Amino acid sequence: MLFRSLNAQAAPRLERAAAKSGALLALGYNRCFYPNVAEMRRRLRAGAIGQALHTEGNFCVDRYGRYRSDQWKGDPAKISAGSLADHMLYLTIETLGPIAEVHTLAQRNVSPNGLADVSAVLLKTLNNRSALLTAIGVTPDYYRFQVFGAKGWIELRDDTRFTFQPLDGAAESIDFPAIDAERAEVEGFADAVEGRAPFPVPPADAVHGVEVLEAMGRSAVEGRPRRVG
């Protein structure tokens with residue numbers, strides 16, 4: 001069954017209800033199944049970049065101009081500043097851990113519906129790491145996630161490109177074949193239901209992501225950093 005959590009108050013209740021009933025709670029997040037993401041996980045587990053220090057994520061699309069203000073996707077009360085970068089946010093949480101504080105700068109220049117065209121978010125983690133997110137809703141598609149470490153960095157571009165630059169030595173780039181990410185997501189959910197493999201995004205990370213997204217939106221409105229939770 002599909003449920004949607006719209007705020008940071010509902011998300012923990014949904015997590016508790018799932019745990020109580022024994023149901024699987026999974027985040028509908030197709031990007032975590034891309035092959036370049038899997039390769040990043042493998043390299044990070046192997047210690048390829050050493051201690052992770054900082055991440056940057058860009059999620060940019062030509063999307064906001066097509067939504068009317070009377071549609072929920074065109075309503076700033078429902079689509080808060082920075083929320084377009086949710087995919088990159090979940091990679092940030094997976095890579096660096098829980099987020100403690102966010103500071104969102106948002107502006108609207110050309111969107112006809114009141115949505116923030118551009119949002120830039122500075123994040124600080126509980127373990128004192130930093131991250132940047134950029135969300136643009138009125139520009140050609142551009143997807144990038146990069147993690148910097150003491151021994152090297154890894155960059156993901158689009159769905160297939162993977163680049164690793166060690167501190168010593170030449171960069172390594174891999175172009176993976178494209179996959180049907182939605183099919184992989186459904187199959188991953190089925191595997192988790194049957195106990196064959198855990199779902200890539202733990203429920204705690206999914207709930208925390210909702211809390212961070214809400215804090216990002218409030219930070220943009222208030223014009224100041226905002227604590228998460």
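Because the structure is a prediction, the values reported are computed rather than measured. Along the sequence shown, residues are numbered consecutively beginning with 1. Just the heavy atoms: all of them, side chains too, but no hydrogens, waters or symmetry mates, feed the values below.
Here the straight-line distance linking atom CG of Asn58 with atom CG of Leu156 works out to 11.5 Å at 0.5 Å rounding. The CZ atom of Phe176 lies 9.0 Å from the OG1 atom of Thr160; values are rounded to the nearest 0.5 Å. Note that CG of Leu53 is 11.0 Å distant from CG of Asn128, once rounded to the nearest 0.5 Å. Summarising the geometry, atom CD1 belonging to Ile93 is positioned 10.0 Å from atom OG1 belonging to Thr55; distances are rounded to the nearest 0.5 Å. Taking CD of Gln165 as the start and OG of Ser173 as the end, the distance is 9.0 Å to the nearest 0.5 Å. Rounded to the nearest 0.5 angstrom, Gln71 CD and Lys73 NZ are separated by 9.0 Å.
Using a distance-only test at 3.5 Å, with no hydrogens or angles considered, a donor-acceptor pair links the side chain of Ser21 to the main chain of Ala17. Using modelled atom types, one side-chain atom of Asn36 and one backbone atom of Arg161 make a donor-acceptor pair closer than 3.5 Å. With hydrogens and angles disregarded, a donor-acceptor distance shorter than 3.5 Å links the side chain of Asn113 to the backbone of Leu115. When atom types are taken as modelled, the side chain of Arg129 and the backbone of Asn127 share a donor-acceptor pair closer than 3.5 angstrom.
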Checklist entry - Under the side-chain contact (heavy atoms from CB on, under 4.5 Å) criterion, do Tyr34 and Asp158 qualify, and how do the steps go? => result CA-CA 9 Å; Tyr34 287 144; Asp158 300 318; over 6 Å; no
Checklist entry - For Ile79 and Tyr67, what are the C-alpha separation, side-chain angles and deciding distance, and is it a side-chain contact (heavy atoms from CB on, under 4.5 Å)? => result CA-CA 11 Å; Ile79 308 298; Tyr67 300 140; over 6 Å; no
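Residue Tyr143 is grouped with residue Val138 when hydrophobic side chains (ILVMFWY) are merged at heavy-atom distances under 4.5 angstrom, including chains of intermediate members. By the criterion of side-chain heavy atoms lying less than 4.5 angstrom apart, applied directly or through intervening Ile, Leu, Val, Met, Phe, Trp or Tyr residues, Leu122 is not grouped with Leu213; the two fall into different hydrophobic clusters. Hydrophobic cluster membership differs between Val221 and Val228, with clusters built from Ile, Leu, Val, Met, Phe, Trp and Tyr side chains linked at under 4.5 angstrom. Clustering ILVMFWY residues whenever any of their side-chain heavy atoms sit less than 4.5 angstrom apart, transitively, puts Leu132 in a cluster other than the one holding Met40. In terms of hydrophobic clustering, with Ile, Leu, Val, Met, Phe, Trp and Tyr side chains grouped at heavy-atom distances under 4.5 Å, Leu44 and Met88 are assigned to a common cluster.
Side-chain atoms of Glu214 and Val210, non-hydrogen and from C-beta on, never get closer than 4.5 Å to each other. Counting heavy atoms from C-beta on, the side chains of Leu84 and Ser119 never come closer than 4.5 Å. Put simply, the side chain of Val186 does not reach to within 4.5 Å of the side chain of Arg183, judged on heavy atoms. A heavy-atom distance below 4.5 Å is not found between the side chains of Gln107 and Leu105. In this structure, Arg41 and Glu94 have side chains that are in contact, with non-hydrogen atoms separated by less than 4.5 Å. Thr163 places a side-chain heavy atom less than 4.5 Å from the side chain of Trp153. Within the 4.5 Å cutoff, no side-chain heavy atoms of Pro140 are placed close to those of Tyr142. Contact annotation: the side chain of Arg31 never approaches that of Phe145 to less than 4.5 Å [non-hydrogen atoms, C-beta and beyond].
When every heavy atom of Leu96 is checked against every heavy atom of Ala131, the shortest pair comes out as CD1-CB, 4.1 Å. Of all the heavy atoms in Val102 and Ser219, the pair that sits closest is O-OG, 3.8 Å. Closest heavy-atom contact between Ile49 and Gly152: CB-O, 3.4 Å. Here the closest non-hydrogen pair linking Thr134 and Ala85 is O-CB, 4.3 Å. Nearest heavy atoms, Arg226 versus Arg218: NH2-NH1, 3.1 Å. Residues Gly209 and Leu89 come closest through the heavy atom pair O-CD2, 3.8 Å.
In summary, Lys151 and Asp168 do not engage in a salt bridge, as defined by a charged side-chain N under 4.0 Å from a carboxylate O. With respect to the salt-bridge test (charged N to carboxylate O, under 4.0 angstrom), the residues Arg108 and Asp117 do not qualify.
By the 6.0 Å and 45° rule, Arg43 does not stack over the aromatic ring of Phe162.
Annotation: ring pair (Phe, Tyr, Trp, His ring centres under 6.0 Å) contacts of Tyr29 (sequence neighbours excluded): His87, Tyr90. In this view, His103 satisfies the ring pair (Phe, Tyr, Trp, His ring centres under 6.0 Å) rule with no residue, not counting sequence neighbours.
Classification of the Phe148-His54 ring pair by plane angle, with boundaries at 30° and 60°, yields tilted.
Across Thr125, Val121, Leu126, a single residue satisfies side chain to side chain contact (heavy atoms under 4.5 Å, CB included) together with Ile99, and that is Thr125.
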